[in-house]
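First listed ligand is number 1; within each ligand, the first listed atom is number 1.
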Amino acid sequence: MEYQILKHEINEGIALVTVSRPQALNALNTLFFKEMDHLLAALIQNNAVRVMVLTGEGKAFVAGADIAEMVDKSAMEGSGFSRMGQNTFRSIEKTPFPVIAAINGFALGGGLELAMACDFRIASSKAKLGQPEVNLGLIPGFAGTQRLPRLVGLANALFLLTTAEIISAEEALRIGLVQKLAEPELLLEEAMRIARLIASKGPKAVQLIKSSVRQGLNIEFEAGNDLEAKYFGSLFGQNSEGEEGMKAFLEKRPPVW
Ligand code: CO8
């Protein structure tokens, strides 16, 4: 597929994906969702990919869903657009590898929803984040009403969603919406440093952590424990990743994954 909006490159197990539609502040349109679905499927098939970093080109990470595309939609078309975005963002959440959002600027509306579908977020100290949908007489439609309270708690989520307040990167860090800040010119370097750190760990263990944590959130605690015990066991045995990691420790050498 010829990508018009998404740029991507894969180096040393890290897929760097850039939303590149800067003339519209990377606003999310139907083409974006088609391209992202296609690219995610290709990255999942590629066993070399251990971590993905997602960022935006220009002064925005993503300034929201494309208002120009949405304005004429009927109720049914609006729901369809919402479903399309929800499905794509769910696919990001379900990738076997961790996905890091590197928030380089505005992350508004659908843009913050996209960042929230990633596993964690690093932001430029100049980034601005918010859910301004109510300014447009809308609500978030890409699962923002579901993910935001899970990430920052009920009251912080309702505050952001109902006031449409745009918050600074520092405030986002304070409420746990982002996990780390970096100077704007060092953001990508820092995101890649963290991606390389994760890529250096036991690859199967990293995948099983993502799967255990994400699946565990949606099931009973005891069922989550069962899942964890099953995954834990799968890392043991002859020629297993766990065997190599533990032997390497005891033999005082780096592991060979
Ligand atoms: N959609 C379409 N175009 C956009 C968007 C957007 N979300 N954001 C910016 N643009 C365009 C502008 O129209 C402008 O285009 P042009 O040059 O042709 O006039 C260009 O990008 C540059 O933008 P500005 O000139 O406005 O740049 P500023 O630096 O002055 O302002 C802002 C930056 C503050 C980010 C401003 O652009 C803005 O407020 N953007 C809209 C932010 C917003 O409201 N986002 C939420 C959108 S709604 C949403 O995301 C709902 C998600 C769920 C959808 C569910 C499906 C049904």
Q) For atom 12 (C) of ligand 1, is some protein heavy-atom partner under 4.0 Å away? A) no

Q.
Can you check atom 8 (N) of ligand 1: any protein non-hydrogen atom closer than 4.0 Å?
A. yes

Q | Non-hydrogen protein atom less than 4.0 angstrom from atom 39 (O) of ligand 1 | A | no

Q: Would you verify that at least one protein heavy atom lies under 4.0 Å from atom 50 (O) of ligand 1, or report that none does?
A: yes

Q. Got a sec: does the NZ of Lys34 have more than 12 other heavy atoms crowding it under 6.0 Å?
A. no

**Q.** Leu54-Phe32 co-clustered via ILVMFWY side chain contacts under 4.5 Å
**A.** yes

Q. For ligand 1, which atoms, with element, lie under 4.0 Å from some heavy atom of Pro132?
A. 43 (C), 44 (O), 45 (N), 46 (C)

Q. What part of Lys59, side chain, backbone, both or neither, has a heavy atom within less than 4.0 angstrom of ligand 1?
A. side chain

Q. What do you think, any protein heavy atom under 4.0 angstrom from atom 25 (O) of ligand 1?
A. no

Q. Does Glu189 CD have over 12 foreign heavy atoms under 6.0 Å away?
A. no

Q) Measuring from Ile167:CD1 to Leu112:CG, what's the distance to the nearest 0.5 Å? A) 8.0 Å

Q) What is the distance from atom NE2 of His8 to atom CE of Met52, rounded to the nearest 0.5 Å? A) 10.5 Å

Q.
Looking at atom 16 (P) of ligand 1, tell me if a protein heavy atom falls under 4.0 Å from it.
A. no

Q: Could you list the atoms of ligand 1 found under 4.0 angstrom from a heavy atom of Glu113?
A: 52 (C), 53 (C)

Q: Run the numbers for me: atoms of ligand 1, each under 4.0 Å from some heavy atom of Gln23, listed by number.
A: 20 (C), 21 (O)

Q: Report yes if some N/O of Ala65 lies less than 3.5 Å from some N/O of ligand 1; otherwise report no.
A: yes

Q) Looking at atom 42 (C) of ligand 1, what's its closest protein heavy atom, distance included? A) Ala63 O, 3.4 Å

Q | Residue, atom name and distance, where the atom is the protein heavy atom closest to atom 53 (C) of ligand 1 | A | Gly141 N, 3.1 Å

Q. What is the closest protein heavy atom to atom 56 (C) of ligand 1, and at what distance does it sit?
A. Phe81 CD2, 3.4 Å

Q. So which heavy atom in the protein is nearest atom 54 (C) of ligand 1, and how far is it from that ligand atom?
A. Phe142 CZ, 3.7 Å

Q: For atom 10 (N) of ligand 1, find the nearest protein heavy atom and state the residue, atom name and distance (0.1 Å precision).
A: Ala24 O, 3.8 Å

Q. Does the protein put any heavy atom within less than 4.0 Å of atom 30 (O) of ligand 1?
A. no

Q: Quick one: closest heavy-atom pair of Leu129 and Ala172, and the distance?
A: CD1-CB, 3.8 Å

Q: Might you confirm whether atom CD of Glu185 has over 12 heavy atoms from other residues, nucleotides or ligands at distances under 6.0 Å?
A: yes

Q) Within a radius of less than 6.0 Å around CD of Gln4, do more than 12 heavy atoms belonging to other residues, nucleotides or ligands occur? A) no

**Q.** Nearest-0.5 Å distance that lies between atom CD in Gln131 and atom CD in Glu165
**A.** 13.0 Å

Q) Polar-atom distance check: Leu136 versus ligand 1, any N or O pair below 3.5 Å? A) no

Q) Purely on distance, is any nitrogen or oxygen of Ala27 under 3.5 Å from one on ligand 1? A) no

Q) Any idea which atoms of ligand 1 are less than 4.0 Å away from a heavy-atom of Gly78? A) 57 (C)

Q) Got a second to check how far Lys204's NZ is from Trp257's CH2, nearest 0.5 Å? A) 12.0 Å

Q) What atoms of ligand 1 come within less than 4.0 Å of a heavy atom belonging to Leu108? A) 35 (C), 42 (C)

Q. Less than 3.5 Å between some nitrogen or oxygen of Ile67 and one of ligand 1, yes or no?
A. yes

Q) Of all heavy-atom pairs between Glu113 and Ala143, which one has the smallest distance, and what is that distance? A) OE2-N, 3.4 Å

Q) Between Ile5 and Glu35, what is the shortest heavy-atom contact and its length? A) N-OE1, 2.9 Å

Q. Does Glu170 CD have over 12 foreign heavy atoms under 6.0 Å away?
A. yes

Q. Between Tyr3 and His38, what is the ring plane arrangement, given parallel below 30°, perpendicular above 60°, and tilted in between?
A. perpendicular

Q) Counting only heavy atoms on the protein side, is anything nearer than 4.0 Å to atom 21 (O) of ligand 1? A) yes

Q: Provide, to 0.1 Å, the distance between atom 37 (O) of ligand 1 and the closest protein heavy atom, together with that atom's residue and name.
A: Leu25 CD1, 3.5 Å

